[in-house]
Protein chains: 2
Amino acid sequence: MAQKGFVSSYLLYLLAAVSDRASAQFHAHVRKAGIRVPEWRVLACLVDGDGAMITELARLALMEQSRMTRIIDQMEARGLVRRGADAQDGRRVLVHLTDAGRVLAERLVADARAHEAEVLAALDPADAARIRPLLSALLARLEAEAASPGGAGRRDGAAAATPEMPGAGG
Amino acid sequence: MAQKGFVSSYLLYLLAAVSDRASAQFHAHVRKAGIRVPEWRVLACLVDGDGAMITELARLALMEQSRMTRIIDQMEARGLVRRGADAQDGRRVLVHLTDAGRVLAERLVADARAHEAEVLAALDPADAARIRPLLSALLARLEAEAASPGGAGRRDGAAAATPEMPGAGG
DNA sequence: GCAAACAATATGAAATTTCATATAACTGGG
DNA sequence: CCCAGTTATATGAAATTTCATATTGTTTGC
């Protein structure tokens with residue numbers, strides 16, 4: 001075990017390793033439910049707000065658009081989602097849950113919440129309370145920097161150029 | 001931005017998203033240096049301790065062994081590493097840095113430290129001080145649980161009751 | 001109301017990754 | 001010593017992922 005070197009305390013390694021190991025158990029559960037991890041991510045996004053663009057799903061699932069297109073192909077073939085048109089913009093494809101997809105998605109989201117509670121229970125209560133706000137703040141900073149690469153630290157959330165998930169707001 | 005739904009506050013999403021976005025900039029830098037991300041991970045591990053088993057490199061780089069074997073093939077072909085024997089165990093292949101590999105590795109590790117400092121500077125000082133110990137503690141817990149899946153984190157003894165439980169062994 | 005620029009999705013082909021398994025070497029029991 | 005069980009690495013074949021680009025639709029500037 002690498003105990004003392006560069007890697008074991010490198011922030012980007014810790015983030016990747018924690019993400020990987022924390023997800024491993026739940027991802028195994030997802031596969032037992034008969035779907036793969038990227039498909040689970042799509043289902044979770046669609047439970048949050050049905051009818052999402054392929055590009056937005058790809059962004060949220062941390063993957064490239066052309067890959068998401070093919071994942072939606074497979075999910076559609078298996079009856080979990082269906083493609084629909086966007087009345088506002090003919091280029092867009094809105095992905096919707098089918099009834100079967102919604103049943104599976106809601107079950108898995110419930111399982112995910114239970115698993116999340118277990119992971120948090122493995123931490124000291126003080127750390128458990130801090131970790132989410134800390135990660136949220138860091139994510140917001142990182143996304144703000146990516147949106148305006150020149151200046152560090154934008155506070156105004158001006159990435160509003162990013163379209164919302166259609167239909168999410170009601 | 002992702003406002004109020006399940007995904008945007010889900011711990012496993014936050015971990016994956018922060019890891020992905022925090023790494024994106026540095027990974028772009030790595031690619032400009034002419035290598036890919038898994039190769040960078042191998043170099044970083046070998047700077048920490050030269051002469052590492054393929055299986056151990058795979059574990060540290062969060063990937064499967066057969067993939068690591070092929071990554072080492074490519075790095076060896078490009079003169080970054082060489083394979084050597086282990087005097088203690090003839091099954092093992094020890095991967096060593098070449099001189100060229102070490103030059104590149106040491107440069108990139110220095111760059112990684114600088115980038116890490118930038119990421120930490122984007123956080124409040126209090127959070128910056130907490131994040132590494134917090135992630136280290138969580139990683140240690142997760143690895144301990146993976147090693148002894150019935151015991152460590154759980155006190156309630158009810159795990160066997162529900163085979164569908166998301167966290168318990170799957 | 002057209003042309004250029006931009007945006008969303010799809011797709012062929014190449015490269016990578018996974019899965020199952022082969023091969024070789026170590027371990028411990030008889 | 002030999003056997004069965006286990007560990008470390010490698011590899012063929014299938015599946016997935018990436019890259020570049022095609023296609024279609026929208027927006028902007030004139």
Side-chain angles (χ1 to χ4, degrees), chain A residues 1 16 20 23-24 27-28 30-32 34-42 45-46 51-78 81-96 147 159-167, chain B residues 16 20 23-24 27-28 30-32 34-42 45-46 51-78 81-96 147:
Chain A
M1 318 255 167
D20 186 80
S23 298
H27 288 176
V30 163
R31 282 185 216 97
K32 275 189 218 147
I35 62 173
R36 284 162 310 153
V37 171
E39 297 174 324
W40 147 242
R41 290 187 170 146
V42 169
C45 290
L46 293 178
M53 285 173 53
I54 302 247
T55 300
E56 179 69 356
L57 288 173
R59 193 186 67 80
L60 283 166
L62 312 171
M63 69 177 66
E64 295 195 353
Q65 170 267 316
S66 69
R67 186 177 166 194
M68 181 58 75
T69 287
R70 294 187 227 242
I71 285 162
I72 298 301
D73 288 347
Q74 295 174 319
M75 294 180 78
E76 193 170 31
R78 296 181 51 202
V81 300
R82 67 183 169 74
R83 282 174 160 93
D86 181 337
Q88 266 65 56
D89 189 333
R91 294 168 299 182
R92 295 182 177 176
V93 169
L94 297 187
V95 181
H96 300 272
T162 305
E164 296 292 321
M165 302 231 308
Chain B
D20 186 79
S23 299
H27 288 175
V30 163
R31 280 185 217 99
K32 274 188 222 147
I35 60 174
R36 284 162 311 151
V37 170
E39 296 173 326
W40 147 242
R41 290 186 170 148
V42 169
C45 289
L46 293 178
M53 286 173 55
I54 303 246
T55 300
E56 179 70 356
L57 288 173
R59 194 185 65 80
L60 283 166
L62 312 171
M63 68 177 67
E64 294 195 353
Q65 170 267 316
S66 70
R67 186 178 166 192
M68 181 58 77
T69 288
R70 294 186 227 242
I71 285 162
I72 297 301
D73 288 347
Q74 295 175 320
M75 295 180 77
E76 194 170 29
R78 294 182 51 202
V81 300
R82 66 183 170 74
R83 282 176 161 93
D86 180 336
Q88 265 65 56
D89 188 334
R91 294 168 300 182
R92 296 184 177 175
V93 169
L94 297 187
V95 181
H96 299 272

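Each chain gets a letter, A, B and so on, in the order its sequence line appears, and its residues count up from 1.
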Take the protein atom [atom1] of [X] and the nucleotide atom [atom2] of [N], then report the distance between them rounded to whole Å.
X	N	atom1	atom2	answer
A:R67	D:dA15	CZ	P	17 Å
B:L57	D:dT9	CG	P	9 Å
A:D73	C:dA10	CG	C1'	8 Å
B:D86	C:dA24	CG	C1'	15 Å
B:H27	D:dT18	NE2	P	14 Å
B:R59	D:dA8	CZ	P	12 Å
A:I72	D:dT17	CD1	P	13 Å
A:Q74	C:dT11	CD	P	13 Å

(message) Please tell me whether B:R36 and B:Q74 have a donor and an acceptor in their side chains that are separated by less than 3.5 angstrom.
(response)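 Judged by distance alone, the side chains do pair up.
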
N/O (side chain, [X]) to phosphate O (OP1/OP2, [N]) under 4.0 Å:
X	N	result
A:R83	C:dA10	yes
B:R92	C:dC26	no
B:R91	C:dC26	no
B:Q88	C:dC26	no
A:S66	C:dT11	no

Looking only at side-chain atoms of [X], point me to the closest of [options].
X	options	value
B:R70	D:dA8, C:dC19, D:dA10	C:dC19
A:E64	D:dC19, C:dT11, D:dA8	D:dC19
A:D89	C:dT16, D:dT26, D:dT9	D:dT26

(request) Flag the pair B:R83 / B:I72 as yes when at least one side-chain heavy-atom distance between them is below 4.5 Å, and no otherwise. (result) yes

(message) Reading DNA chain D from 5' onward, which residue's closest nucleotide shows up sooner: A:M63 or A:A87?
(response)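 Its nearest nucleotide lies further toward 5', so the answer is A:M63.
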
(message) Need to verify one output field. Residue with the more 5' nearest nucleotide on DNA chain D, A:I71 or A:G90?
(response) A:I71

(request) Taking all non-hydrogen atoms of both residues into account, name the closest pair between B:M68 and B:A61 and its distance. (result) CE-CB, 3.8 Å

(message) Strictly below 4.0 Å, N to O, side chains only: are A:R78 and A:D73 in salt-bridge contact?
(response)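 A salt bridge is absent here (no side-chain N lies under 4.0 Å from a carboxylate O).
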
(message) Do the side chains of B:R67 and B:E64 get close enough for a salt bridge, i.e. N-O under 4.0 angstrom?
(response)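 Result for this pair is no, no salt bridge flagged.
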
(request) Determine the contact category for B:M53: base if any of its heavy atoms lies under 4.0 Å from a base atom, sugar-phosphate if only primed atoms, P, OP1 or OP2 are that close, otherwise nothing. (result)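 Sugar-phosphate, backbone atoms only, no base.
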
(message) I'd like to know if B:Q65 reaches the base of D:dA8 with its side chain such that a donor and an acceptor end up less than 3.5 angstrom apart.
(response) no

